[in-house]
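Each remark here refers to the structure printed beneath this line.
These numbers come from the heavy atoms of this one structure, side chains and all, not from hydrogens, waters or symmetry mates. Note on naming: letters A, B, ... go to the chains in the order of the sequence lines (proteins, then strands), and numbering restarts at 1 for each one.
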Amino acid sequence: MKIKLSQILAHIVLILGVLLMVIPIWLSFASSTHDTVTILKEGMKFGLGDQLTRNYNEVLNEKGGWSEEVTAAKMFINSFIMALGIATLKVIISAMSAYALVYFRFKFAVPIFWLIFITLLVPLEVRIFPSYKIVSDLGLTNSYTGLVLPLVASATATFFFRQFYKTIPDELLESAKLDGANSWRFFIDFLVPLSKTMIAAMFIFMFVYGYSQYLWPLIMTTSEEYWTVVMGMKIIFTESYEGVALPRTAERFAYIILSMIPPVLVVVFLQKWFIKGLIQTEK
Amino acid sequence: MSFLELNKVTKIYPNGTKAVHETSMNVENGEFMVFVGPSGCGKSTLLRMIAGLEDITEGYINLDGILINKVDPSERDVAMVFQNYALYPHMNVYNNLAYGLKNRGISKEDIEKKVNEAAKLLQISEYLQRKPSMLSGGQRQRVAMGRAIVRNPKIFLFDEPLSNLDAKLRIQMRLEIKKLQQKVGVTSIFVTHDQVEAMTLADRLAVINNGLIEQLGTPIEIYNNPKSMFVAGFIGSPQMNFLEGELKNKTLTSEGFEINNVTSDFNGPVILGIRPEHMSQTDKGLINLSVDLVEQLGSDNLIYGEIKNKKDFCFRCPGSQIIKKGSKLSLNINDNNYYVFDKSNGNRVN
């Protein structure tokens, strides 16, 4: 088989792209397997060292924070709960509100849709003080509910679901009606299975969004019990070593590598559906 | 009391369009009724009102002795076959058929039995595990019908179900629908714009135009005895020839010929209708046709030509007769098979 020049070029570009993405991650990983002294003396490493188990073990189990009570493992659990809660609720609420907007022709459905859509212009960072005020008045600071709830409304996902539902032919609804399906059954038996690839895609986006939240948990939580991974990245392994001790660079690299794992896992597990949704339309 | 009664049913859309005007009709149990008419005539709206997919603005619909105006479509016990089949794309054929039964709370064993019976009847048993996207057009059509049959509804509604099929398959499915309906014996209403489908399927036929039933009757009644110019032009293929003329004292003058003793007291401008198949060649006939075009269908020839001021006048003769372009034919109307319509409103006057 003859390989065309253009194909070779395309592959070179692709390989360069992959390297650009992978090299920093590899550098972090390789560095996380050395001890701190080596890194401070010699800079980041390409080769693997012999401190892998020690570093990772320390990261996961050492108690940190001001009160020396929170471990990285706990932070991972917190982040996971937060991201999972945000992604799940966002998908459910968006799918249902899009369903209401498309299939129930109530008064002002269009203005309401645009109202929802406009909230895209008002991200959390803009409304962070009012949001904090509300959550704190409700007594939800330092709780998972407080971490998740203000972030679950999503204009983006509502918009995507709305556009998708609009492509579903009316006959399907009519046929389902004649087959005795009520509105709830139609949603569960038709829209949910038909949009499952869409749901998977939205779930991935929203999980990563929830996982990478920084400002909101930072403001929301005063108790270290509710710290999340992304917050921890700024705080952990710096606190008690100012002045005398060396910064614990190796451990922090290990922490970075660990912090990447949950979103990567979500993508890996859901990408089968995700890609299926992109290449094959079931209609 | 008839099985299905429509009493002065009217549909006005919110934007003021009147789709169906005070329509009344009765459909008997087990009857195959066909609504035929051009697109946009309101025939589908009428069907959808029976199904419950459109609200009834005025009038009443009774099904099996029950007023169904306000009954939810899911409780009317009607089944509908849609133009694009509307199969559930994410369910396999078995579940497509079973879905309506599941919603009615029928036990698993009964569902299985019923689905298998329907599948056998429609010869789709071997596709039961397939998704609709893996089926051909004809197979999808069968599944759509299976979905209707399996529920054993009071009435079948067909909304132009054959228009997505190719010509050959359409004829085959048409035959199968008719056979199936006779076998199952369920009252059916079939909407189509194709007059051949309408003629072949119907026990009775309703020709609908502009939201009004122009004529209701058996296909042959309507073919032989159209009440208006619209019906006459719509039913019959190739279309009836229409010639302008004048009727005075039972004598009709048109395009260079006269017909005496017309059985009508009407005086004034009229339209004369003659079906292409109701004429034959003679030595000295009424109509002189100069041939422009010959369509050879094998069994028949369709001859198109000019008589005086009228172009594209059609005459149908057996395929064995060889007629050349440019020749002159002399034609007579068989057995006084002609129709006279009032020019002003299209109503039949003879």
Side-chain angles (χ1 to χ4, degrees), chain A residues 91 95 98-99 102-111 160-161 163-203 270 272-283, chain B residues 14 44 47-55 68 71-92 95-106 111 131-134 140 143-148 150-151 153-161 164:
Chain A
V91 167
Y99 178 48
V102 174
Y103 286 95
F104 295 87
R105 288 177 196 126
F106 54 90
K107 245 184 178 177
F108 308 122
V110 175
F160 276 110
F161 279 114
Q163 296 309 96
F164 176 73
Y165 293 162
K166 284 192 148 202
T167 64
I168 292 176
D170 286 344
E171 284 89 349
L172 208 60
L173 172 67
E174 292 173 346
S175 186
K177 266 189 197 167
L178 291 175
D179 260 348
N182 56 24
S183 1
W184 184 243
R185 283 246 74 89
F186 181 68
F187 182 68
I188 299 293
D189 289 347
F190 289 84
L191 294 183
V192 171
L194 283 173
S195 58
K196 64 181 181 212
T197 48
M198 181 101 189
I199 289 173
M202 284 299 138
F203 188 85
L270 291 181
K272 197 180 81 188
W273 283 17
F274 187 58
I275 292 169
K276 214 167 144 194
L278 293 178
I279 54 175
Q280 163 210 322
T281 43
E282 259 188 293
K283 247 184 266 146
Chain B
S44 283
L47 190 80
R48 291 166 58 83
M49 283 197 283
I50 297 169
L53 301 172
E54 300 275 357
D55 290 331
I68 57 168
V71 177
D72 198 72
S74 58
E75 278 149 29
R76 289 191 185 194
D77 204 4
V78 301
M80 189 154 166
V81 178
F82 292 85
Q83 182 171 4
N84 62 5
Y85 319 133
L87 298 180
Y88 309 141
H90 56 298
M91 298 184 190
N92 62 20
N95 285 323
N96 260 283
L97 265 63
Y99 186 71
L101 300 173
K102 275 182 199 159
N103 282 337
R104 281 179 169 69
I106 294 168
I111 291 178
K131 290 267 180 79
S133 55
M134 296 157 76
R140 286 179 202 192
V143 175
M145 304 226 308
R147 208 168 57 181
V150 78
R151 272 176 32 207
K154 284 181 185 162
I155 193 161
F156 283 157
L157 306 172
F158 297 91
D159 190 4
E160 307 207 18
N164 279 359

Leading residue by heavy atom contact count with chain B [cutoff under 4.5 Å; candidates A:Glu174, A:Arg185, A:Lys177]: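 Looking at each option in turn, the highest pair count goes to A:Glu174.
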Is the shortest heavy-atom distance from the side chain of [X] to the side chain of [Y] under 4.5 Å?
X: B:Arg151; Y: B:Phe156; result: no
X: A:Ser175; Y: B:Phe82; result: yes
X: A:Glu171; Y: B:Tyr85; result: no
X: A:Phe190; Y: B:His90; result: yes

Under 4.5 Å heavy-atom distance to chain B, tell me which part of A:Asp170 shows up: side chain, backbone, both or neither.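 Looking at A:Asp170, nothing touches chain B.
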Residue selection (most heavy-atom pairs with chain A, distance under 4.5 Å) from B:Asp72, B:Asn84, B:Leu101: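 Maximum pair count with chain A is reached by B:Asn84.
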Heavy-atom contact with chain A under 4.5 Å, split by part of B:Arg48: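 Interface part for B:Arg48: side chain.
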Measure B:Leu87 against the heavy atoms of chain A and call it side chain, backbone, both or neither at under 4.5 Å.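 Interface part for B:Leu87: backbone (N, CA, C, O).
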Under a 3.5 Å cutoff, is there a donor and acceptor pairing between the side chains of B:Tyr88 and A:Asp179?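 Short answer, yes.
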